[in-house]
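The structure appears below as structure tokens.
Residue numbers run from 1 in the order of the sequence given. Both ligands and their constituent atoms are indexed starting at 1 by order of listing. Values below: every heavy atom of this structure, side chains too, minus hydrogens, waters and symmetry copies.
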Amino acid sequence: MPRAKAYAAHTATTPLEPWTLERRNPGPHDVVIDIKYCGVCHSDLHMARGEWGNTTFPIVPGHEIVGYVTAVGGHVKKYKVGDKVGVGCLVDSCRECDPCKKGLEQFCYQGATFSYNSPERDGSGMTYGGYSQHIVTHEDFVLRIPDNLPLDAAAPLLCAGITTYSPLRHWKVGPGMKVAVLGLGGLGHMGVKLAVSMGAEVTMLSHSPWKKDDATRLGAHKFVLTSDEAQVKEAAGSFDFILDTVSAHHDYNFYLNMLKIDGTMVCVGVPPTPVPLSAFNLIFGRKSIGGSLIGGLPETQEMLDYCGEHNIVSDIEIIKMSEINEAYERMIKGDVKYRFVIDIASL
Ligand code: NAP
Ligand code: ZN
Ligand code: ZN
């Protein structure tokens with residue numbers, strides 16, 4: 001079995017440290033990928049620290065994986081050695097249920113297999129993510145990275161990109177719509193770029209005053225500082241759609257007040273604790289609140305091709321693998337513009 005150097009967390013309270021893992025021998029439909037870069041998602045941090053209560057240790061996080069194909073199984077049709085590819089949050093699913101047949105593998109009725117912290121479907125152990133030198137993935141769950149996109153800055157598209165693209169498409173964001181993106185982090189900055197590219201008028205809602213200039217540079221038309229009472233009052237009743245990317249506890253009711261009648265707020269951020277919601281804030285104005293989870297394989301490829309056509313990538317800061325614990329601390333403080341990407345050569 002091929003061995004790979006990796007970084008793992010062994011408990012919720014200890015730092016990530018060097019570890020060695022074993023990947024499976026490639027099967028007939030498997031693609032072996034030499035990982036070049038891996039983005040750092042806030043979900044990696046939630047999981048490595050056991051914040052959602054469902055982590056099996058040791059855990060090797062990382063689901064914004066990009067690199068080159070180094071070997072393929074005998075029956076692989078879609079990829080060949082040397083191809084520029086990626087793996088996102090999903091590595092398998094039942095492939096037979098209704099959502100799987102519709103290309104919504106993330107909602108597989110039998111439970112999708114995620115890139116890390118998921119039991120392998122053959123019972124051979126847990127999945128391990130992209131903070132490692134290589135990965136072995138079924139060809140159906142490998143994605144093609146457009147030639148014109150730089151590999152490092154394309155990595156975050158595999159989670160931050162699809163997680164924001166999918167709800168923007170599902171709720172038909174486009175010209176004539178007033179859209180707000182709540183939280184300017186990894187997901188939020190992709191949400192702004194994508195919503196602007198789709199023709200919406202985009203407002204950044206942020207609790208960090210120093211992010212105003214960046215929001216403008218990313219394409220946002222307006223900026224609302226959520227701690228400023230006057231700005232919040234002015235924003236009341238003004239959005240058709242709010243994309244909520246905040247990772248920490250926050251008050252949904254406060255933001256529902258900013259929706260127009262019939263407006264929708266979609267949560268993609270996952271605060272570790274449940275958030276209270278008053279029915280009054282929905283019934284007055286016939287408002288909706290929804291959620292969205294990454295995206296299925298066909299839509300993820302569609303998003304990558306869309307980003308290729310529109311030249312959209314992430315704003316990144318490259319780090320060494322050994323800097324990951326410090327990067328997590330900086331991510332909590334909002335001190336990242338706007339996604340850390342690990343240079344896997346540093347492993
Ligand atoms: P991130 O880069 O850390 O960004 C989170 C942003 O939330 C921050 O930049 C900040 O924006 C805002 N924020 C942080 N603490 C806050 C607080 N105390 N009060 C108000 N706002 C606060 O994280 P990310 O990687 O974008 O991930 C965001 C969330 O999405 C995480 O919970 C992650 O697990 C989740 N996620 C969900 C999916 C899905 O499929 N649904 C996929 C990937 C990630 P401002 O400074 O601008 O306020
Ligand atoms: Zn993620
Ligand atoms: Zn299924």
Side-chain angles (χ1 to χ4, degrees), residues 38-49 51-52 61-65 88-90 92-116 121 129-130 155-167 180-192 204-212 214-215 218 220 223-227 243-251 254-255 266-273 275 290-296 300 314-317 327-340:
C38 183
V40 179
C41 179
H42 207 114
S43 303
D44 299 353
L45 186 163
H46 288 305
M47 291 291 285
R49 297 189 173 177
E51 290 178 355
W52 293 337
H63 55 209
E64 294 181 339
I65 301 164
C89 304
L90 297 165
D92 209 351
S93 70
C94 87
R95 297 143 191 266
E96 283 165 3
C97 71
D98 217 38
C100 281
K101 283 187 180 148
K102 289 182 176 145
L104 296 169
E105 298 88 350
Q106 74 273 35
F107 304 129
C108 174
Y109 287 149
Q110 292 188 28
T113 308
F114 293 92
S115 313
Y116 59 81
R121 298 191 102 74
L157 300 178
L158 274 310
C159 176
I162 185 59
T163 301
T164 49
Y165 180 89
S166 183
V181 177
L182 172 55
L184 182 45
L187 266 55
H189 93 291
M190 290 311 307
V192 170
M204 185 73 237
L205 304 174
S206 171
H207 83 313
S208 307
W210 61 91
K211 292 184 183 171
K212 187 174 178 181
D214 280 346
L218 292 164
F223 183 89
V224 171
L225 182 63
T226 54
S227 57
L243 184 64
D244 177 357
T245 75
V246 172
S247 53
H249 191 84
H250 60 293
D251 183 4
F254 181 84
Y255 300 100
V266 170
C267 305
V268 289
V270 193
T273 47
V275 179
S292 188
L293 176 68
I294 48 173
T300 305
S314 180
D315 290 17
I316 59 166
E317 183 181 333
Y328 279 5
E329 289 308 315
R330 285 183 53 197
M331 186 155 60
I332 290 169
K333 288 189 220 138
D335 176 23
V336 49
K337 292 187 168 188
Y338 275 92
R339 196 59 137 186
F340 290 117

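- Of the possible donor and acceptor atoms, one in the side chain of His250 sits under 3.5 Å from a partner among the backbone N and O of Ala248.
- Near Ser206, meaning under 4.0 Å from one of its heavy atoms, ligand 1 places the atoms 45 (P), 46 (O), 47 (O), 48 (O).
- Under 4.0 angstrom from ligand 1, the non-hydrogen atoms of His46 all belong to its side chain.
- The SG atom of Cys159 and the SG atom of Cys41 subtend an angle of 130° at the Zn ion (ligand 2), given to the nearest 10 degrees.
- A donor-acceptor contact shorter than 3.5 Å links the side chain of Thr164 to the backbone of Gly161.
- The nearest heavy-atom contact from the protein to atom 40 (O) of ligand 1 is Ile294 N, 2.7 Å.
- Counting the atoms of ligand 1 from 1 in the order shown, those under 4.0 Å from a heavy atom of Arg339 are 24 (P), 25 (O).
- No donor-acceptor distance shorter than 3.5 angstrom exists from the side chain of Arg339 to the backbone of Pro156, with no hydrogens or angles considered.
- Salt-bridge check for Arg49 with Glu329: passed, with a basic side-chain N closer than 4.0 Å to an acidic carboxylate O.
- Proximity of His42 to ligand 1, defined as any heavy-atom pair under 4.0 Å, is shared by backbone and side chain alike.
- Of the listed residues (Pro156, Ser247, Cys89), the one carrying the non-hydrogen atom nearest atom 14 (C) of ligand 1 is Ser247.
- Side-chain atoms of Cys108 and Pro99, non-hydrogen and from C-beta on, never get closer than 4.5 Å to each other.
- The backbone N or O of Leu158 sits nowhere less than 3.5 Å from a side-chain atom of Glu64 that would complete a donor-acceptor pair.
- Each of the atoms 11 (O), 47 (O) of ligand 1 lies under 4.0 Å from some heavy atom of Gly183.
- With a 4.0 Å cut-off on non-hydrogen atoms, Ala160 does not touch ligand 1 at all.
- Against a heavy-atom cut-off of under 4.0 Å, Trp52 is close to the following atoms of ligand 1: 34 (O).
- Residue Tyr328 does not touch ligand 1, judged by heavy-atom distances below 4.0 Å.
- What sits closest to atom 43 (C) of ligand 1 on the protein, heavy atoms only, is Cys159 SG, 3.3 Å.
- In terms of polar-atom proximity, defined here as any N/O pair under 3.5 Å, Tyr338 makes no such contact with ligand 1.
- Side-chain N or O atoms of Thr226 include one that pairs as donor or acceptor with a backbone N or O of Ser206 at under 3.5 Å.
- Distances below 4.0 Å separate heavy atoms of Ala248 from the following atoms of ligand 1: 15 (N), 16 (C), 17 (C), 18 (N).
- At least one side-chain heavy atom of Ser43 sits under 4.5 Å from a side-chain heavy atom of Tyr116.
- Taking the Zn ion (ligand 3) as the apex, the angle formed with SG of Cys97 and SG of Cys108 is 120°, to the nearest 10 degrees.
- Here is the list of ligand 1 atoms found below 4.0 Å of a heavy atom in Met331: 3 (O).
- Only the side chain of Thr163 comes within 4.0 Å of ligand 1, counting heavy atoms alone; its backbone N, CA, C and O stay farther away.
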Let me see the working for Glu105 and Arg95 under salt bridge (charged side-chain N to carboxylate O under 4.0 Å, His left out), right down to the final yes or no.
CA-CA 7 Å; Glu105 298 88 350; Arg95 297 143 191 266; over 6 Å; no

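- Of the N or O atoms in Val336, none lie within a sub-3.5 Å distance of an N or O in ligand 1.
- Between Val270 and ligand 1, at least one pair of N/O atoms sits closer than 3.5 Å.
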